[in-house]
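Okay, structure first, notes after.
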Amino acid sequence: MSNMSSALTSSAPTSTASTTGPAPTAALRPARSRQFLVTLIGVYPIITLILYLVLPLTAGWPIWQTTLIVAPTMVAIMVFWLIPQIQKRFSVFIMRPVR
């Protein structure tokens, strides 16, 4: 047992850096203008649909009350569905290398 433990402790140290590993990839960040464009293309039809559905039900209400219905609905759709879908489907278009 003594020989085995001394063999384990006396072995040559191994390097943690690999010279045969994959080449480093460039860091990516979102291109804000492209993200804006794709988000706008997704938001416009959704907000239009929400307004078509809500405005007849809130006819005669003050604008702040209608907005109180529309805004949380739109934010929930964006946070839980639209933005994840945009990130999933358009990430190649939106992301760009950091300079």
Seminar exercise, completed: Note: Pro72 and Thr67 closest approach over all heavy atoms is CD-O, 3.9 Å
Seminar exercise, completed: Between the NZ atom in Lys88 and the CD1 atom in Ile83, the distance rounded to the nearest 0.5 Å is 14.5 Å
Problem set entry | Distance, nearest 0.5 Å, that separates CE of Met95 from CD of Gln87 | 8.5 Å
For this session: For Leu37, enumerate each residue passing the side-chain contact (heavy atoms from CB on, under 4.5 Å) test, keeping only those at least two apart in sequence or located in another chain.
Result: Ile41
Exercise. Measuring from Ile77:CD1 to Thr73:OG1, what's the distance to the nearest 0.5 Å?
Worked result: 6.5 Å
Exercise. What pairs with Pro84 under side-chain contact (heavy atoms from CB on, under 4.5 Å), at least two apart in sequence or on another chain?
Worked result: none
Problem set entry | Separation between CE of Met78 and CD1 of Ile46, rounded to the nearest 0.5 Å | 8.0 Å
Exercise. Going through the distances and angles, do Ile69 and Ile50 end up as a side chain to side chain contact (heavy atoms under 4.5 Å, CB included)?
Worked result: CA-CA 10 Å; Ile69 302 296; Ile50 291 171; over 6 Å; no
Exercise. Sequence neighbours excluded, which residues qualify as side-chain contact (heavy atoms from CB on, under 4.5 Å) partners of Leu53?
Worked result: Leu49
Problem set entry | Main-chain N/O of Leu28 paired to Arg96 side chain as donor or acceptor, under 3.5 Å | no
Problem set entry | Interatomic distance, Ile94 atom CD1 to Ile86 atom CD1 [nearest 0.5 angstrom] | 6.5 Å
Problem set entry | Any Val54 side-chain heavy atom under 4.5 Å of Leu51 side chain | no
Exercise. If you round to the nearest 0.5 Å, how far is CD of Gln85 from CZ of Phe90?
Worked result: 9.5 Å
Exercise. Do Met74 and Val79 sit in the same hydrophobic cluster, where Ile, Leu, Val, Met, Phe, Trp and Tyr count as joined when their side-chain heavy atoms come under 4.5 Å apart?
Worked result: no
Exercise. Under a 4.5 Å side-chain heavy-atom rule over Ile, Leu, Val, Met, Phe, Trp and Tyr, are Phe36 and Ile47 clustered together?
Worked result: no
